[in-house]
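Let me give you the structure first, and then I'll get to my questions.
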Amino acid sequence: MDAGRELKRIRARLRREGLDGVTAEEWRGSVRLTGAVSEWQRKVDAGWIAAGHGFRGVINDISVPGVSEETLSFPAVGESRNDLEGRAFDVVIVGGGVIGCAAARELSRYDIRIALFEKEEDLAVHATGRNDGMIHPGFAAKPGSKKAHYNVRGNRLYTTVTEELGIPFRRPGSMILIGNPFARLLLPLLAARARKNGVDGYRSLSRKEVARREPSLTKRQYGAFLLPSSGILSPYDLTVAMAENAAANGAEIFLSTGVSGFRMNEDRIAEVVTTRGAVKAGVVINAAGIWADTVAGFADDRFFSLHGRHGVDCILDKGKGKYLSTIYAMPSFSQIHEKTKGGGLVPTIDGNILVGPTAREVPDRENYETELEDIRKLHRHIKLNERLSPADIITYFAGIRACTYDEDFIVEGSRRVGNLVHAAGIQSPGLASAPAIAQDLARITVGILSRNADVKLKESFDPRRKSPPVPSRMSDEERGALIARDTAYGRIICRCEEVSEGEVRDALRSPIPARSIDGVKRRCRAGMGRCHGGFCTPRVVEIMAREMGIDPSEITKKGEGSPLFSGRIGAGREGNHETC
Ligand SMILES: Cc1cc2nc3c(=O)[nH]c(=O)nc-3n(C[C@H](O)[C@H](O)[C@H](O)COP(=O)(O)OP(=O)(O)OC[C@H]3O[C@@H](n4cnc5c(N)ncnc54)[C@H](O)[C@@H]3O)c2cc1C
């Protein structure tokens, strides 16, 4: 690559697009943008213009007057602790999303000391807990990209991974619906792309075949492209299960522990500074999601910038689940150059239907507010199914994808810092790719550790996790036998999702126990149904207080700073009544 020539091209394009206030320079092999623009989208446009020219990455330091960008901060954790000061680990993983937890599990195959630090009070709180749970087939990613490579590999690995971890997974397949007779001409192109990416089992379906498969689908379809390897699972179930299995194999998972900096010794990280003291680290894995560029900056290795792409999903009532068996979408072909797959209808592993996600470039990193316009955009997908209507929406949620301007994953050892490994820019399909990314993170990490020591596989490693019982997934006989052994599984706490007291208790006694209402919800679905916890929250609070040995007033929604109760009213003889 001729850097000078490419810079000239970038500058010319910036000028043509009216971005005269932006300067592009080379910086340690990346291209760095500075200057000022009037709107956030213009900053993002400039980043995209600078991408794809052969530089290592795009660092976008353009300012947008009036728009303040979020900076990394750590949730309060009550009394300050210094209990980790001086501890030493062979590997420190920053981030308890699916990537960090998958890496912890992969590395726990080796006889090494592993610590995972997550700043939140639970795992899977950010992008990992805010996605569609779809194990994409690997079709949509650009051929030759890391996304395509990891997605196809990750998709295949899920059959074994979910079986080992004891979490539900199935492959309903996905269909790209053809919306007009001429678009059928594109089917060979779709097949060519699937072939290039190495996707398994794809084929075209006639209009009749599609209608047979999905009787509730609009009649305005002209066939489809079927990708049978597409799967679905619960992303929090998966992530918690991966972390539990890593912990069972010796990894230490530290929640409410933020990484605020590194102490460097020349070109190596000597210590990782956390909110609970500084620890020594042989290798550091940067799996910090949307903050991965900030964490890279702690080691003076910021060769890329991340920008947030906000996405909203609606969840439809479980009662409508029976009207959707395959994942599907009818993309408009004008959308082909957009940087998103466009969303669609996705059955969830728990029987709901998800509609979405949308895609909007935002300066936010952890702000999950939704706008009416986002929800309206989802109605076009709902119209694809004649049995569904916007009245079936029970709630919606938002997530933020962590995107590089090259729109590809970064999975590599740092070129400047000898013991730093990056897993950055893991936007969609990051969930689908996680097991494959984790294998490579482990391989790179073990390679670095092996320069100074002999790294051995652990003989006692057990990939299997004993999952807690879920009565609603059992036959009547199995359920009866379970309740006969332990009556707590017969007392229903959450009526919408049919969650029993035994399951809430298990969530609080699990290897990485829930410590908040949201943590319980993630592990056993209490409060996930149509009433949003209106009925079960007081019961869950009672069980939490009993199991955790604390006063109900100490229970939080999602950790410190999110109290459920604001005071007591009517201190009657039977006890006090708390106000939510
Ligand atoms: C709306 C939406 C829908 C999506 N749908 C799909 C889908 O269907 N299929 C798919 O494959 N992908 C999907 N994705 C993408 C997928 O969710 C992500 O690729 C994946 O979750 C990224 O995981 P992660 O571990 O890299 O990031 P995260 O889940 O964000 O985890 C990073 C963690 O690091 C922690 N952290 C950050 N900085 C620090 C620090 N300094 N100290 C300690 N902890 C720190 C954060 O708190 C966070 O928990 C979707 C994304 C969105 C937003």
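Residue numbers start at 1 and run along the sequence shown.
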query = How close do Ala243 and Leu123 get, heavy atom to heavy atom, and via which atoms?
reply =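 Result for this residue pair: CB-CD1, 3.4 Å.
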key: Contact summary for Pro471 and Pro469, nearest pair of heavy atoms   =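 The pair with the smallest heavy-atom distance is CD-O, 3.7 Å.
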task = Evaluate the criterion salt bridge (charged side-chain N to carboxylate O under 4.0 Å, His left out) for residue pair Arg109 and Asp462; output intermediate values, then yes/no.
result = CA-CA 8 Å; Arg109 294 175 190 275; Asp462 183 357; over 6 Å; no
task = Output, in order, the C-alpha distance, side-chain angles, deciding distance and verdict of side-chain hydrogen bond (donor to acceptor under 3.5 Å, both in side chains) for Glu120 and Ser256.
result = CA-CA 5 Å; Glu120 305 293 341; Ser256 299; over 6 Å; no
task = Report yes or no: does Asn151 contribute a side-chain atom to a donor-acceptor pair with the main-chain N or O of Ser428 at less than 3.5 Å?
result =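 Checking the backbone N and O of Ser428 against the side chain of Asn151, no donor-acceptor pair under 3.5 Å is found.
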inquiry  = Would you say CD of Glu373 has more than 12 non-hydrogen atoms from neighbouring residues, nucleotides or ligands within 6.0 angstrom?
reply    =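 More than 12 within 6.0 Å, yes.
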query = Side-chain contact, heavy-atom cut-off 4.5 Å: Arg156 with Asp200?
reply =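 In contact.
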ask   = With side chains defined as the heavy atoms from C-beta onward, is the minimum distance between Met134 and Leu431 less than 4.5 Å?
value =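 Contact flag for Met134/Leu431 side chains = no.
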task = Please examine the side chains of Pro168 and Thr162, heavy atoms only from C-beta on, and report whether any two atoms are closer than 4.5 Å.
result =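 No; the side chains remain at least 4.5 Å from each other.
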ask   = Has the side chain of Asn197 got a donor or acceptor atom that lies under 3.5 Å from a matching backbone atom of Gly138?
value =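 Yes, Asn197 side chain to Gly138 backbone: donor-acceptor pair under 3.5 Å.
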message = Before you tell me yes or no, could you show the steps for Leu378 and Val312 under side chain to side chain contact (heavy atoms under 4.5 Å, CB included), namely the whole-Å CA-CA distance, both residues' side-chain angles and the distance that decides it to 0.1 Å?
response = CA-CA 8 Å; Leu378 297 175; Val312 176; 4.3 Å; yes
message = Donor-acceptor pair, distance only, cut-off 3.5 Å: does the side chain of Lys466 make one with the backbone of Gly166?
response =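 No; judged by distance alone, with no hydrogens or angles, the pair does not exist.
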inquiry  = Could you go through Leu227 and Ile176, starting from their C-alpha distance and side-chain angles, then the distance that decides it, and tell me whether this counts as side chain to side chain contact (heavy atoms under 4.5 Å, CB included)?
reply    = CA-CA 8 Å; Leu227 296 144; Ile176 300 171; 4.1 Å; yes
CG-NE2 distance between Leu388 and His381, expressed to the nearest 0.5 angstrom =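 The distance works out to 12.5 Å.
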request  = Using the side chain to side chain donor-acceptor pair (under 3.5 Å) rule, pick out the option among Arg401, Glu407, His307 that qualifies with Gln427.
outcome  =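 Considering Arg401, Glu407, His307, a side chain to side chain donor-acceptor pair (under 3.5 Å) with Gln427 is found only for Glu407.
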task = Apply the salt bridge (Lys or Arg N to Asp or Glu O under 4.0 Å) test between Glu164 and each candidate in Arg465, Arg464, Arg105; give the one that qualifies.
result =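 That would be Arg105; it is the only one of Arg465, Arg464, Arg105 passing the salt bridge (Lys or Arg N to Asp or Glu O under 4.0 Å) with Glu164.
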key: Minimum heavy-atom distance between Ser204 and Glu209, given as atom pair plus value   =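 So the two residues come closest at O-OE1, 4.2 Å.
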query = Does the ring of Tyr489 carry Arg505 above it, NZ/CZ under 6.0 angstrom from centre and within 45° of its axis?
reply =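 Positive - Arg505 is close enough to the ring of Tyr489 and near enough to its axis.
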request  = Of all the heavy-atom pairs spanning Ile290 and Gly308, show the shortest one and how long it is.
outcome  =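 So the minimum-distance heavy-atom pair works out to CD1-CA, 3.9 Å.
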ask   = Would you say the side-chain atoms of Glu106 pair up with the backbone N or O of Ala103, donor to acceptor, closer than 3.5 Å?
value =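 No, because the side chain of Glu106 does not come within donor-acceptor range (under 3.5 Å) of the backbone of Ala103.
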task = Step by step, work out the side chain to side chain contact (heavy atoms under 4.5 Å, CB included) result for Ile517 and Thr556.
result = CA-CA 6 Å; Ile517 291 283; Thr556 63; over 6 Å; no
query = Just wondering, more than 12 heavy atoms not from Phe535 lying within 6.0 Å of its CZ?
reply =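 At most 12 heavy atoms, drawn from other residues, nucleotides or ligands, come within 6.0 Å of this atom.
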query = Should Lys219 and Glu386 count as an ion pair when the cut-off is N to O under 4.0 Å?
reply =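 The answer is yes: the pair qualifies as a salt bridge.
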Arg213 and Thr326 side chains, donor-acceptor separation under 3.5 Å =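 A donor-acceptor contact under 3.5 Å links the two side chains.
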ask   = Taking the six-membered ring of Tyr222 as reference, does the NZ or CZ atom of Arg184 fall below 6.0 Å from its centre and within a 45° cone about the axis?
value =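 No, Arg184 does not lie over the aromatic ring of Tyr222.
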inquiry  = Quick check for you: to the nearest 0.5 Å, what is the distance between Ile492 atom CD1 and Glu497 atom CD?
reply    =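 Going from CD1 on Ile492 over to CD on Glu497, the span is 11.0 Å.
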key: Closest contact, heavy atoms only, Asn352 versus Leu316   =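 Looking at all heavy atoms of both residues, the closest pair is ND2-O, 3.1 Å.
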task = Using a cut-off of 6.0 Å, state whether more than 12 heavy atoms not belonging to Lys208 lie near its atom NZ.
result =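 Incorrect, the count does not exceed 12.
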Backbone of Gly223 reached by a side-chain donor or acceptor of Gln221 within 3.5 Å =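 A pair under 3.5 Å: yes.
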message = Is the terminal nitrogen or CZ of Arg523 (NZ for Lys, CZ for Arg) located under 6.0 angstrom from the six-membered ring centre of Tyr236 and within 45° of that ring's axis?
response =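 No.
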ask   = Would the number of heavy atoms belonging to other residues, nucleotides or ligands and lying under 6.0 Å from CZ of Arg546 be above 12?
value =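 Check passes, neighbour count above 12.
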query = Could you go step by step and tell me if Asn385 and Tyr328 meet the side-chain hydrogen bond (donor to acceptor under 3.5 Å, both in side chains) rule?
reply = CA-CA 10 Å; Asn385 187 311; Tyr328 55 73; 3.1 Å; yes
query = Under the 3.5 angstrom rule, does the side chain of Ser216 hit a backbone N or O of Arg387 as a donor-acceptor pair?
reply =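 No.
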ask   = Rounded to the nearest 0.5 Å, how far apart are CD of Glu244 and OG1 of Thr239?
value =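 Separation between the atoms: 11.0 Å.
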message = Does any part of the side chain of Gln41, heavy atoms only, come nearer than 4.5 Å to the side chain of Val44, both counted from C-beta?
response =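 Val44 vs Gln41: side chains touch.
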key: Side-chain heavy atoms of Leu564 within contact of Thr537, under 4.5 Å   =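 Counting from C-beta outward, Leu564 and Thr537 do come under 4.5 Å.
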ask   = Hey, is the main chain of Lys146 close enough, under 3.5 Å, to the side chain of Asp408 for a donor-acceptor pair?
value =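 A pair under 3.5 Å: yes.
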ask   = For Ala140, does its backbone N or O pair with a side-chain atom of Arg193 as donor and acceptor, under 3.5 Å?
value =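 Yes; at least one donor-acceptor contact below 3.5 Å.
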request  = Using a 4.5 Å cut-off on heavy atoms from C-beta on, say whether the side chain of Ile99 contacts that of Phe409.
outcome  =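 Counting from C-beta outward, Phe409 and Ile99 never come under 4.5 Å.
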ask   = Can Cys101 and Leu116 be said to form a side chain to side chain contact (heavy atoms under 4.5 Å, CB included), step by step?
value = CA-CA 8 Å; Cys101 295; Leu116 181 149; 4.2 Å; yes
query = If you take all heavy atoms of Leu508 and Val520, which pair is closest and at what distance?
reply =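 Shortest heavy-atom contact: CD2-CG2, 4.0 Å.
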query = Taking C-beta and beyond as the side chain, do Glu366 and Ile400 meet within less than 4.5 Å on heavy atoms?
reply =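 Answer no - side chains too far apart.
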inquiry  = Could you tell me if Arg525 and Ser234 have a donor-acceptor pair between their side chains, going purely by distance under 3.5 Å?
reply    =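 No, no side-chain donor-acceptor pair sits under 3.5 Å.
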ask   = Under the criterion side chain to side chain contact (heavy atoms under 4.5 Å, CB included), which of Thr160, Asn155, Val161, Val98 is the partner of Pro435?
value =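 Single side chain to side chain contact (heavy atoms under 4.5 Å, CB included) partner of Pro435 among Thr160, Asn155, Val161, Val98: Val161.
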task = May I have the step-by-step check of side-chain hydrogen bond (donor to acceptor under 3.5 Å, both in side chains) for His149 and Arg153, ending in yes or no?
result = CA-CA 6 Å; His149 167 79; Arg153 251 177 75 192; 3.0 Å; yes
ask   = Is a side-chain N or O of Asn180 found less than 3.5 angstrom from the main chain of Ala183, in a donor-acceptor match?
value =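 The answer is yes, because a donor-acceptor pair under 3.5 Å joins these two groups.
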query = Is the shortest heavy-atom distance from the side chain of Trp291 to the side chain of Glu70 under 4.5 Å?
reply =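 Yes; the side chains approach each other to less than 4.5 Å.
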inquiry  = Quick test of your reading of the model: are Asp122 and Arg515 salt-bridged, counting only N-O distances below 4.0 Å?
reply    =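 Salt bridge flag = no for Arg515 with Asp122.
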request  = For the pair His136 (side chain) and Ser433 (backbone), establish whether a donor and an acceptor sit closer than 3.5 Å, ignoring hydrogens and angles.
outcome  =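 A pair under 3.5 Å: no.
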request  = Any chance you could lay out the salt bridge (charged side-chain N to carboxylate O under 4.0 Å, His left out) test for Glu498 and Arg479, step after step, and finish with the verdict?
outcome  = CA-CA 12 Å; Glu498 254 189 79; Arg479 200 169 174 160; 2.8 Å; yes
message = Tell me whether the count of non-hydrogen atoms from other residues, nucleotides or ligands lying under 6.0 Å of NZ in Lys558 goes above 12.
response =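 Count not over threshold, so no.
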query = Does the separation of the ring centres of Phe139 and Phe225 fall below 6.0 angstrom?
reply =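 When the ring centroids of Phe139 and Phe225 are compared, they turn out to be within the sub-6.0 Å range.
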